[in-house]
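Taking it in order: structure first as structure tokens, then the write-up.
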Number of protein chains: 2
Amino acid sequence: MKARRDVYQAIADPTRRAIINMIAAQPHNVNAIAANFDVTRQAISLHIQILADCGLINVKQQGRDRVCEARLDQLGEISVWVDQYRQHWENKLDNLEKYVVNLKNERNGKQSK
Amino acid sequence: MKARRDVYQAIADPTRRAIINMIAAQPHNVNAIAANFDVTRQAISLHIQILADCGLINVKQQGRDRVCEARLDQLGEISVWVDQYRQHWENKLDNLEKYVVNLKNERNGKQSK
DNA sequence: TATAAATGCAAGCATTTGCTTGCGCAAGTA
DNA sequence: TACTTGCGCAAGCAAATGCTTGCATTTATA
């Protein structure tokens, strides 16, 4: 039943993207998240389960709370997939390698080395 | 009924991603695309319609053929969305880079240069 | 002009999805 | 020890999805 959904499907739902957006800024427990939507806690709970299933969020028990925090490295898969078509909407594409390297250097420049 | 699906949903389906991949390399008509999948032409036709609906592909009539070509600038939306969370997985950028380099080599190896 | 090729349209159908309500249970709190 | 809070589990349901088969239509071709 729980056909392990992939990341593409996980982010296909706007509510789930909103959840990601919420906890990416800061971890929240299930109820706190649900409070921000019009649907039931149960509905949100299910979304959270789906997101957790494909590794986009991390849920840890803290007393009676289940705190959800973003763990979005799975998005890298999407990023790579999309980027391979970058040439279709940007001339800049050409090689992705440069793109990634630049990105990495940028990041490193901000922190170490 | 056919609530215009957004790009996120469009790429959520693996078959549709495969179609994109196919015509991104080169335009094809509907039958040619369908020939590459196990499902019926009708099923593929529907996928194509969905992709066309959200602007990911362009279909033009050529005689009795309907030639589909990729027009992926809509992917930019996804790219931007994903990129805003890049910090969540950037520490794995090295792996990503490796992945991309592989991807590139694979492609180049098969074609030119 | 028949015949084949390339498609779209429509009806039917099994699943999957997204939600809801109802209930139970464990962890804090009065 | 009662009561409240945070949540999951499960059943039920309507709508959306992904496919299929059958039929009609337009454009090439022999």
Side-chain angles (χ1 to χ4, degrees), chain A residues 1-23 26-71 74 78, chain B residues 1-23 26-71:
Chain A
M1 263 171 202
K2 187 170 306 170
R4 173 179 156 277
R5 321 196 193 195
D6 59 32
V7 188
Y8 292 92
Q9 245 190 307
I11 67 164
D13 186 278
T15 303
R16 284 196 285 271
R17 287 202 299 281
I19 292 176
I20 287 177
N21 199 54
M22 234 193 113
I23 64 179
Q26 191 180 351
H28 291 281
N29 65 13
V30 178
N31 267 353
I33 297 172
N36 276 270
F37 298 89
D38 286 336
V39 296
T40 9
R41 174 177 59 75
Q42 263 68 358
I44 297 299
S45 181
L46 223 175
H47 282 309
I48 290 176
Q49 200 177 296
I50 290 172
L51 289 171
D53 272 356
C54 59
L56 280 172
I57 71 176
N58 210 2
V59 183
K60 50 185 177 183
Q61 193 82 39
Q62 262 179 24
R64 61 183 168 183
D65 291 0
R66 308 195 92 213
V67 179
C68 310
E69 57 180 9
R71 195 162 170 297
Q74 295 295 328
I78 308 270
Chain B
M1 264 173 201
K2 190 164 304 167
R4 174 179 156 277
R5 322 197 191 193
D6 58 32
V7 189
Y8 292 93
Q9 243 189 310
I11 67 165
D13 187 278
T15 302
R16 285 196 285 270
R17 288 201 299 280
I19 291 176
I20 287 177
N21 200 53
M22 236 193 111
I23 64 180
Q26 190 179 351
H28 291 281
N29 65 11
V30 178
N31 267 354
I33 296 172
N36 276 270
F37 298 89
D38 286 336
V39 296
T40 7
R41 175 179 58 75
Q42 262 68 1
I44 297 299
S45 180
L46 223 174
H47 282 309
I48 289 176
Q49 199 177 296
I50 291 172
L51 289 171
D53 272 355
C54 59
L56 280 172
I57 71 176
N58 210 2
V59 184
K60 50 184 178 183
Q61 194 81 39
Q62 262 179 24
R64 61 184 168 183
D65 292 1
R66 308 196 90 213
V67 179
C68 310
E69 58 182 8
R71 195 165 171 294

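Numbers restart at 1 for each chain; the letters A, B, ... are given by sequence-line order, proteins then strands.
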Between CZ of A:R17 and P of C:dG18 the distance, given in whole Å, is 12 Å
Of A:I50 and A:G63, the one whose nearest nucleotide on DNA chain C sits closer to the 5' end is A:I50
### Query
Are any of the side-chain heavy atoms of A:E69 and A:I23 separated by less than 4.5 Å?
no
Identify every side-chain donor-acceptor pair in residues 54-63 of chain A under 3.5 Å, counting partners at least two apart or on other chains, and give the distances.
residue: A:Q61; atom: OE1; partner: A:R66; partner atom: NE; Å: 3.2
residue: A:Q61; atom: NE2; partner: A:G63; partner atom: O; Å: 3.1

OP1 or OP2 of D:dT17 under 4.0 Å from side-chain N/O of B:H47: no
Check your understanding: Heavy-atom count around B:R17 CZ within 6.0 Å, excluding the residue itself: above 12?
Key -> yes
Whole-Å distance, A:Q61 CD to C:dC25 C1', equals 12 Å
Separation of C:dG18 atom C1' from A:R16 atom CZ, nearest Å, is 9 Å
Atom CD1 of A:I44 and atom P of C:dC19 are separated, to the nearest Å, by 7 Å
Self-check item: Side chain B:D13, main chain B:T15, donor-acceptor under 3.5 Å
Solution: yes
Regarding B:Q9, tell me which of base, sugar-phosphate or nothing describes its non-hydrogen contacts under 4.0 Å with the strands shown.
sugar-phosphate
When rounded to whole Å, the CG to C1' distance for the pair A:L46 and D:dA11 reads 13 Å
Is any side-chain heavy atom of B:Q9 less than 4.5 Å from a side-chain heavy atom of B:D6? yes
Rounded to whole Å, CG of B:D6 lies from P of D:dA16 at a distance of 15 Å
Across all chains, not counting sequence neighbours, the side-chain contact (heavy atoms from CB on, under 4.5 Å) partners of A:A32 are A:H28, A:N29
Protein heavy-atom contacts under 4.0 Å, written 5' to 3' over nucleotides 2-8 of chain D as B (base), S (sugar-phosphate only) or - (none), form the string --BBSBB
When rounded to whole Å, the CZ to P distance for the pair B:F37 and D:dC19 reads 10 Å
